[in-house]
Amino acid sequence: MPNRLAHETSPYLLQHADNPVDWWPWSPEAFEEARRRGVPVLLSVGYSSCHWCHVMAHESFEDPAVAALLNEHFVAVKVDREERPDVDAVYMEAVQAATGQGGWPMTVFLTPDAEPFYFGTYFPPEPRHGMPSFGQVVEGVRGAWKDRREEVGEVAGRIVADLAGRSLAESLPAGDQRPPRPEELAAALMGLTREFDAVHGGFGGAPKFPPSMVVEFLLRHHARTGSAGALEMAEATCTAMARGGIYDQLGGGFARYSVDREWIVPHFEKMLYDNALLCRAYAHLWRATGSDLARRIALETADFMVRELRTEQGGFASALDADSDDGTGRHTEGAYYVWTPEQLRAVLGEKDAEFAATYFGVTEDGTFEEGASVLQLPDTGDLVDAERVASVKERLLAARAERPRPGRDDKIVASWNGLAVAALAETGAFFDRPDLVQAATDAADLLVRVHMDWQARLHRTSRDGTAGTHTGVLEDYADVAEGFLALASVTGEGVWVEFAGFFLDTVLVQFTAPDGTLYDTAADAERLIRRPQDPTDNAAPSGWTAAAGALLSYAALTGSALHRDAAERALGVVTALGGRAPRFIGWGLAVAEAALDGPREVAVVGPPDDPATRALHRAALLGTAPGAVVALGAPGEDTAEVPLLRARPLVDGKPAAYVCRHFTCERPTTDPEELAERLRP
């Protein structure tokens, strides 16, 4: 019989609706039930495409004996971390503080007042590698709650007090809420240089995550300073990832991370946010260098998002699972993507299979499990036959399409769709792909129609065209605003600037403290044991620095000193952390580069169907000045939504472009080449 999760909309929660565990969704009623019964709460946090979440569910939560123990002695609460990032952030901070590590599934035991007292992540069904079994953990917690409840309460109280004392605002230098200076950005670059993997690209060791936000900083730093080292690190990293197993060599798109430092074997789940960020980064790399590889990867990743993640409503689904049926009824990680030499021969025949094995690095021993290989592009010297490669890829992709497909988490997350809007709009504009711009517009329309209420407040998620019940967090407002501003620059439709302004005004009112620091949840959001506040990047830009970037761009388009000041105060955290932890505040560093450059403001005015207008607009979009904003308008058009366009006449009856900083403009130009030159460092 289904449990309470059967009434939820999250695909992750629905995956547990038939568990024998009597799950509750996160709700006041769950904690009231724990108080009524006098039992602790088991909080289990995960997400739909999480491999180990599925493993623990099969091993423990589907076990009737474990379920009986949980149902009798606990109130079990299941949370989708993608739906409730605030709950996840608060308790993950406690897990990391207590154990020195984190991850999902996250397993936390709480008092009925939601105070944590015991932590962990994945627990096996039997003791293994020094880890207790989940059953042992449950019995231990039950015994402690029964026999030492006062001690448990004291532990929980100390943990909550410790979390409450971790005030980020107090740790920042007093009175130093200013953007980084050039020398501080140079110090951040030096820090990245020390951590750069000069052999394999990327930063640090295994596991290795795609550093999309750091790449954006490196490209902007190169554009501002001409630093060859910054560009070399960006190019080497992007090339290594594009040629590695982390990139799907047949269907496009990136996996979540590489388990090794060489980018060979990925963790196979594909996330919308990774692909949106990387699509934009490769498009920007092409803009800076003209690289054919960067162009191909940007377009293939955009096409992957539209083909595999787009929903009927026009938004973009959250993720594809790592696991799928391997053909025997067993769900196995990577089964959809890996190949053996025998499988190549079955599809391609002997000669083409031999060619493909060399080209894609498929060996008899394999690079993955059970002799299978992850496709990559090793250095094969002169083995390049474009026509033959295209034929091989087409046949392998068709054969792969016959395999059981990975599951798709089809909920729409506002922030991740904002990132996708920005990536698809710019990629479509750069490479003359109006279909990609239209896909970005459709997703933006969905965010307005479904996710935004009449007060311009955002819902975090939707599914099947219906908004979820959870309110948006800071990253939702910031990333949607960022996406809308990028879309406005590409389409010239000022309404997207207006919508971005609504969301950024909410950031100023609901998420900003008097000292200019930012919180991840709104002032009127549900009260948790701590109000989360994290300025560092995780898999996507932090809400804090994403808000700084959107505020800065909006101020450049509108001339709003209020939004500019808020952006500069928010960048104070980059000043404090950029030199110490540049890998983890890459987007903040990229925004700081834009602030240092101006950012430059480009107003293009002319009839929209005039080829001269289009040429100026394209030159503006392809300018490499860090964080430059572009406004496009027709002469005589109402410019209320975009003040940058006000009083910008044609020049001798010709379309013209105005390059400005802080609304102070150089003489206008009608020459696209001159405009391009002005938008270089």
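Remark: Trp339 engages no residue in a ring pair (Phe, Tyr, Trp, His ring centres under 6.0 Å) (not counting sequence neighbours). A search for salt bridge (charged side-chain N to carboxylate O under 4.0 Å, His left out) contacts involving Glu568 returns Arg564, not counting sequence neighbours. Among residues two or more places apart in sequence or in another chain, the ring pair (Phe, Tyr, Trp, His ring centres under 6.0 Å) test is passed with Tyr122 by Trp52. Remark: Glu232 pairs with no residue by the salt bridge (charged side-chain N to carboxylate O under 4.0 Å, His left out) rule, at least two apart or across chains. Partners of Tyr337 by ring pair (Phe, Tyr, Trp, His ring centres under 6.0 Å), not counting sequence neighbours, listed by chain and number: Phe268. Residues forming a side chain to side chain contact (heavy atoms under 4.5 Å, CB included) with His331 (at least two apart in sequence, or on another chain): Asp323, Asp325. By the salt bridge (charged side-chain N to carboxylate O under 4.0 Å, His left out) test, Arg81 is found to be paired with Asp88, residues two or more places apart in sequence or in another chain being considered. With sequence neighbours excluded, no residue forms a ring pair (Phe, Tyr, Trp, His ring centres under 6.0 Å) with His54.
Under 4.0 Å is where a charged nitrogen must lie from a carboxylate oxygen, and between Glu184 and Arg178 at least one such pair does. A salt bridge is absent between Arg408 and Asp321: the closest approach of a Lys/Arg side-chain nitrogen to an acidic carboxylate oxygen does not fall below 4.0 angstrom. Between Arg280 and Glu482 there is a salt bridge, with a side-chain nitrogen of the basic residue lying less than 4.0 Å from a carboxylate oxygen of the acidic one.
In the displayed structure, Gln96 atom CD is contacted under 6.0 Å by more than 12 heavy atoms of other residues, nucleotides or ligands. Within a 6.0 Å sphere centred on CD of Glu183, heavy atoms belonging to other residues, nucleotides or ligands number more than 12. The number of heavy atoms from other shown groups lying within 6.0 Å of CD (Glu354) does not exceed 12.
Using a distance-only test at 3.5 Å, with no hydrogens or angles considered, no donor-acceptor pair links the side chain of Glu82 to the main chain of Val413. When atom types are taken as modelled, the side chain of Thr367 and the backbone of Val374 share a donor-acceptor pair closer than 3.5 angstrom. A donor-acceptor contact shorter than 3.5 Å is absent between the side chain of Ser391 and the backbone of Glu387.
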For residues 399-406, which side-chain N or O atoms pair as donor and acceptor with protein atoms under 3.5 Å away, sequence neighbours left out?
| residue | atom | partner | partner atom | Å |
| --- | --- | --- | --- | --- |
| Arg400 | NH1 | Asp248 | OD1 | 2.9 |
| Arg400 | NH1 | Asp248 | OD2 | 3.2 |
| Arg400 | NH2 | Asp248 | OD2 | 2.9 |
| Arg403 | NH1 | Ala335 | O | 3.4 |
| Arg403 | NH1 | Tyr336 | O | 2.9 |
| Arg403 | NH1 | Val338 | O | 3.0 |
| Arg403 | NH2 | Val338 | O | 3.3 |
| Arg405 | NH1 | Tyr336 | OH | 3.0 |
| Arg405 | NH2 | Glu308 | OE1 | 2.4 |
| Arg405 | NH2 | Glu308 | OE2 | 3.4 |

Donor-acceptor pairs under 3.5 angstrom involving side-chain atoms of residues 198-220: please list them, not counting sequence neighbours.
| residue | atom | partner | partner atom | Å |
| --- | --- | --- | --- | --- |
| Lys208 | NZ | Asp197 | OD2 | 2.8 |
| Lys208 | NZ | Gly201 | O | 2.8 |
| Lys208 | NZ | Arg261 | O | 2.8 |
| Glu216 | OE1 | His284 | ND1 | 2.9 |
| Glu216 | OE2 | His284 | ND1 | 3.1 |
| Arg220 | NH1 | Ala590 | O | 2.9 |

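Within the structure, the ring pair (Phe, Tyr, Trp, His ring centres under 6.0 Å) test picks out the following pairs touching residues 223-256 (sequence neighbours left out): Tyr247-Phe254, Phe254-Tyr282. Note on residues 584-597: pairs passing salt bridge (charged side-chain N to carboxylate O under 4.0 Å, His left out), not counting sequence neighbours, are Arg224-Glu593, Asp597-Arg600, Asp597-Arg661.
Closest heavy-atom contact between Pro582 and Arg580: CD-C, 3.6 Å. In terms of heavy atoms, Ala317 sits closest to Asp409 at CB-O, 3.3 Å.
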Note to self: Show, in sequence, the C-alpha distance, side-chain angles and deciding distance for Arg433 and Glu300, and conclude whether the salt bridge (charged side-chain N to carboxylate O under 4.0 Å, His left out) test is met.
What the structure shows: CA-CA 12 Å; Arg433 285 283 302 275; Glu300 288 180 355; over 6 Å; no

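At least one side-chain heavy atom of Phe430 sits less than 4.5 Å from a side-chain heavy atom of Arg287.
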